[in-house]
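The figures that follow rest on heavy atoms only: side chains count, while hydrogens, waters and symmetry mates do not. The sequence lines fix the lettering, A, B, ..., with proteins before strands; numbering per chain opens at 1.
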Amino acid sequence: MTLPSRSIVPISEVVHETPSTVTLRFAWAPAARPGQFVMVWIPGDDELPMSLSYPNGPMGGVTVKAMGATSRAIQTLRPGDRIGIRGPYGRPFDLTPRRVLVVAGGSGAAVLAPAAESARAAGHAVDVALGAVTASELLFRGRFERMGASTEVATDDGSAGRPGFVTPLAERLLEEHPYDAVWTCGPEVMMRRVADLADRHHVPVICSVERQMKCALGLCDACALGPLHVCVDGPVLPWESLRGLEEFGRSFRDPAGRRRAYGSAPP
Amino acid sequence: MTLPSRSIVPISEVVHETPSTVTLRFAWAPAARPGQFVMVWIPGDDELPMSLSYPNGPMGGVTVKAMGATSRAIQTLRPGDRIGIRGPYGRPFDLTPRRVLVVAGGSGAAVLAPAAESARAAGHAVDVALGAVTASELLFRGRFERMGASTEVATDDGSAGRPGFVTPLAERLLEEHPYDAVWTCGPEVMMRRVADLADRHHVPVICSVERQMKCALGLCDACALGPLHVCVDGPVLPWESLRGLEEFGRSFRDPAGRRRAYGSAPP
Amino acid sequence: MADLTVELAGVPLRNPLLLASGIWGETGASMAAAYAAGAGGVVTKSIGAEPRSGYPNPTVEPLGPVGLLNAMGLPNPGIDEYPAEIEVARASGAPVIGSIFAAAPREFAALARRMAGTGVVALELNLSCPHAHGYGSEIGSDPRRVERIVRSVVAAVDLPVLAKITPNTADPAGLARAAERGGAHAISAINTVRALGIDVTLARPILAHGLGGLSGPAIKPVGLACVWQIFEAVRIPIVGIGGIASADDALEYLLAGARAVQIGTALSGPGVALFGTIARDLASRLDALGIDRWEEAVGRAHGRPPSSAVQQAPARLRRPSKPRRAP
Amino acid sequence: MADLTVELAGVPLRNPLLLASGIWGETGASMAAAYAAGAGGVVTKSIGAEPRSGYPNPTVEPLGPVGLLNAMGLPNPGIDEYPAEIEVARASGAPVIGSIFAAAPREFAALARRMAGTGVVALELNLSCPHAHGYGSEIGSDPRRVERIVRSVVAAVDLPVLAKITPNTADPAGLARAAERGGAHAISAINTVRALGIDVTLARPILAHGLGGLSGPAIKPVGLACVWQIFEAVRIPIVGIGGIASADDALEYLLAGARAVQIGTALSGPGVALFGTIARDLASRLDALGIDRWEEAVGRAHGRPPSSAVQQAPARLRRPSKPRRAP
Ligand SMILES: Cc1cc2nc3c(=O)[nH]c(=O)nc-3n(C[C@H](O)[C@H](O)[C@H](O)COP(=O)(O)OP(=O)(O)OC[C@H]3O[C@@H](n4cnc5c(N)ncnc54)[C@H](O)[C@@H]3O)c2cc1C
Ligand SMILES: Cc1cc2nc3c(=O)[nH]c(=O)nc-3n(C[C@H](O)[C@H](O)[C@H](O)COP(=O)(O)OP(=O)(O)OC[C@H]3O[C@@H](n4cnc5c(N)ncnc54)[C@H](O)[C@@H]3O)c2cc1C
Ligand SMILES: Cc1cc2nc3c(=O)[nH]c(=O)nc-3n(C[C@H](O)[C@H](O)[C@H](O)COP(=O)(O)O)c2cc1C
Ligand SMILES: Cc1cc2nc3c(=O)[nH]c(=O)nc-3n(C[C@H](O)[C@H](O)[C@H](O)COP(=O)(O)O)c2cc1C
Ligand code: FES
Ligand code: FES
């Protein structure tokens, strides 16, 4: 048993992707696959799981949306500031499907963009349904377009694309095209809805799931989701293994391990 | 730092080489080179350094002369009995010299036979001067002869070959033939004498040296010989690094680390 | 095929391999999964009277082949909500051992009563977590407090009580004897070893809590020494813990004196499937060693001179029995 | 180039890297070689009043990447013959610290006087060997005895006295405070961690003595925790020991509070050449970290919240300062 150890790396680049989202690039070559995540330590503050938005090449990267104290603190980091990285952890996307529908809500695009990029690089077709609260918050819209994915958007406030949630957009695309797979990441209620739709079209769905994480090593049980541990069995999970879990989309575990219902605020 | 760990192996074969010497073979492939040694543990008794008399192939082997309590206990081991082996340790013989004189006293043949064997296998010429107290104690005489080494013997009691010590025999051979190297193992007084002779003929000498050993890892200082540690710098040592050490051939360290003069009894 | 069943303080187990406290033990589904994968039983996460979030991250630091450093800070849902998890675990058929922590005898007893009401087969008292102020080894390294706590719990409940002791002590056997005097039915040894990791470039401890506990391969020899010493000191059974990752590791603990073992850190990677693997390997290893039943070999390494003689020798140096010489 | 010189309890050293006691320290030539290879100084093998052969072999058991198990049994030539070895070591220019062991204060004092007469620059008291009955940690885990022994030695000699303490204790800081009260000029921490290895096929302990001590990579986090806790408890300097194999390992100890370090097990393989390697690496690592002098960074990891805050907090649980949520 040899566990990969931690690296302390300086941030080489900070990219402000949207008003609430930054990408940190660092000279740490993750040798990871799209869908895998790392534990990012902000010394003096907390350590959080983050999907690698740039999983390959000499410069790793994560893309972080301001949520609570730590993810907001991350927005203020500058090049040269040092962070700790350990990983990569978890299971990646299976990149074999030849025609993929990507459904991204909020910061979900952080993990779906590199997966879509790899699919495109393999010559596969990718359609993207990208949602956000408002036009300026549409994450990686340009990146999806540049990789040659047909990209449609939806915003809650109607400031770009289809007004409202991204799910109706996904529904239309599912009706119009025959997909081999749907990849989705976003609030669990959204992913549940997407999965129901895809089910109706008999398209397999892969979700990237978030849970409280402490060890990321499959030990502490913080990330338990039914019998699964998101840090090792996920975060990328097929809908088949989620479908039967009444917790998925409905409740999560707080840091004490208590089960709590998802509130009205989007998680 | 990763230290090789111990194996517990059953003895597969016991060969009585001479009245006072047995060879133990065991299914432990040492991947060692001639001159290297192992620590042999007799469970319930002691653990002793032993040169590998069979350093290659699937069946390692050591050849043990009855001296004190433990080496005498070894004489009573039977096939199936289990011993502990760790190693191989130490520096091996340099096998490049093309014409070698081997000078073996007592159990010294245990380490010189496999070295000579490897030299012969490489097509090099090997002459052997083999000494013992009496004819029946001439160790590996047949093995030297079978490998095609020209073998001459000397016995203290004159029961075979030249009567007396092996050194005069070595001296004659040095006078008669041009050697690239002399390899010697036996009592230190003998090795000192051999080295002096070879010096006069400008032939480099390599000695296989024995010292008290505890760790065999270059830590405990039990095997100290001047600034050298026989377990890691030796046991195979060139005369150049021994020549200046007034201890060599004169004193040894007891298990408490005290310096003690070699007594009259051959060590 | 060797018989792996074992009776631990009156509790029958299908095999001696238990899930260690704090590993996969916060949720019922995880404990059920460990049992389904082949564990002989499970120990819950240590539960307190109140919910606790534990320390902020980083709570763990992987140390390569040496093991794992952690300071979780005893996160747990609290005894009010936890019975629902035990319910799920028990439904799988798993014998569940309920681990609890508190600060004083009376609190331990109150918590023990509530834990006993959940249907667990035994209690384990965490007297040994090395990094929670006011709990664990802070109270568990004083033999008198250990005795008092154990006594109050034993008086409060009708279940076997396991006292989990710390290796961070001069005298693990003394702690075990104290627990035995208090009426403990078994000793669990060991919890993690007090440890620290510092990041050199940042000049600060890595774990948010600073000090933590070491688990995994590094502590196997430490746990074995504790079990060995405890075996010579008490008559109650011992559960061996620390660095177990293979059947041979479990056997080392068996021979040192453990009647059952717990597995924690080694699950990182293989997951609970490791229980099935070790159980299978264990049976065939016992066969190869000519041992018919796991139980019959408990403490066997003590049985032979010179090791046991050395252990029982008076407290002065034993000289090697035979003279030594230089070569 | 960063300045590696350091003053340890009044003794100036060219660098903070010392040879640990029991490694290459039985003979003068070996200590001289360690100094020639780049060590800042050497500590002798622990010397007693009488010669001792130590335990029979096996005295060591290599444990792969985890480290080394040993029970040498304090072999040593005894104080009558040993001065000749110190003479050889001193002739090389090496600052020699004389390590001694005894059973009681008066014997310690008598031995200390003789050792002081050999020209050593300081004494180290072995209060911590975990596997010698009647010596080492058997006496060194009781703070009162530690204090008494140190006091008697300090009264007997005119040299700096280092007290080498055991990690096999609930309270390393308490032991260090006891030594400080007794007048110790520095604390050396740690000696090996009590440990055991069993051979499963033979069903017996591997070391002839049974119990032994663990050294090497496995105990680095343990030594760091001890140094960390001691640094918060005493004002005298600390010598960090345990698992140091690289410049970064030494730096971890420095930042945890060590003014100098000792290196033992890691010499297996590279030999004493490791001292030169680490000294070179250390200088360039310090440069890279912007530290001009080794000495200026002693204990630096304590300087910053939240770690130091956590350490100084009252003995109760600190909740994480910010609320947490599930994703
Ligand atoms: C595998 C994995 C990958 C991840 N990848 C990314 C990524 O690429 N990018 C990214 O930005 N994040 C990612 N996350 C999420 C990230 O780890 C953090 O959870 C997130 O950044 C928030 O952390 P925080 O400490 O700042 O917020 P917290 O302090 O945890 O608070 C978050 C905010 O959301 C609110 N909130 C949380 N849950 C609920 C709820 N159910 N109902 C109502 N309100 C709620 C809180 O009250 C708070 O205001 C990932 C998580 C996982 C597990
Ligand atoms: C690297 C190395 C390789 C070795 N290889 C071999 C090998 O291949 N074969 C082999 O047989 N041995 C070998 N040895 C020697 C072996 O390790 C033991 O030292 C030897 O077997 C004796 O061990 P013992 O415990 O039985 O004897 P001990 O109990 O140590 O006693 C040996 C006997 O010799 C006597 N004796 C020892 N030294 C003196 C002295 N100076 N003056 C007078 N009497 C003395 C003792 O009194 C005693 O009777 C090797 C040693 C080393 C260091
Ligand atoms: C992440 C983690 C959490 C732990 N939590 C607890 C706990 O809540 N209660 C407890 O008694 N021991 C706890 N432990 C200690 C383990 O139960 C076990 O004693 C220790 O890890 C040694 O075993 P191992 O080497 O197999 O992991 C925890 C250990 C780890 C690694
Ligand atoms: C073979 C060996 C012998 C030792 N002998 C002594 C000794 O005589 N006196 C002492 O104080 N410590 C002794 N020690 C302990 C070391 O000095 C040191 O404290 C310990 O090994 C931890 O450091 P390391 O991990 O760098 O080896 C010995 C250690 C080993 C491995
Ligand atoms: S985060 Fe600890 S088990 Fe997944
Ligand atoms: S035998 Fe220990 S140093 Fe050579």
Should [X] and [Y] count as side-chain neighbours, where that means a heavy-atom distance under 4.5 Å?
{"X": "C/V60", "Y": "A/M39", "answer": "no"}
{"X": "C/L267", "Y": "A/L219", "answer": "yes"}
{"X": "A/R6", "Y": "C/P58", "answer": "yes"}

Measure C/E85 against the heavy atoms of chain A and call it side chain, backbone, both or neither at under 4.5 Å.
-> side chain
Using non-hydrogen atoms and a 4.5 Å limit, figure out which bit of C/L74 sits close to chain A: side chain, backbone, both or neither.
-> neither
Indicate the atoms forming the closest heavy-atom contact of [X] with [Y], along with that distance.
{"X": "A/K214", "Y": "C/P75", "result": "NZ-CB, 3.3 Å"}
{"X": "A/C220", "Y": "C/M72", "result": "CB-CE, 3.7 Å"}
{"X": "C/R204", "Y": "A/P43", "result": "NH1-C, 4.0 Å"}
{"X": "A/G257", "Y": "C/E26", "result": "CA-OE1, 3.3 Å"}
{"X": "C/T27", "Y": "A/A224", "result": "CG2-CB, 3.6 Å"}
{"X": "C/S30", "Y": "A/D221", "result": "OG-OD1, 2.6 Å"}

What distance do C/S268 atom OG and A/H229 atom NE2 have between them, rounded to the nearest 0.5 Å?
-> 11.5 Å
CD of C/E61 to CD of A/E47: how many Å apart, nearest 0.5 Å?
-> 8.5 Å
Has A/R192 got more than 12 heavy atoms of other residues, nucleotides or ligands less than 6.0 Å from its CZ?
-> yes
Would you mind telling me which of C/P77, C/P270, C/G271 has the largest number of heavy-atom pairs within less than 4.5 Å of chain A?
-> C/P77
Spell out, as yes or no, whether a donor-acceptor pair under 3.5 Å connects the side chain of A/W41 to the backbone of C/L207.
-> no
Keeping the roles fixed (side chain from C/N57, backbone from A/D46), state whether a donor-acceptor pair exists under 3.5 Å.
-> no
Just one of C/D199, C/V200, C/I206 clears the side chain to side chain contact (heavy atoms under 4.5 Å, CB included) bar with A/I8, so which one?
-> C/D199
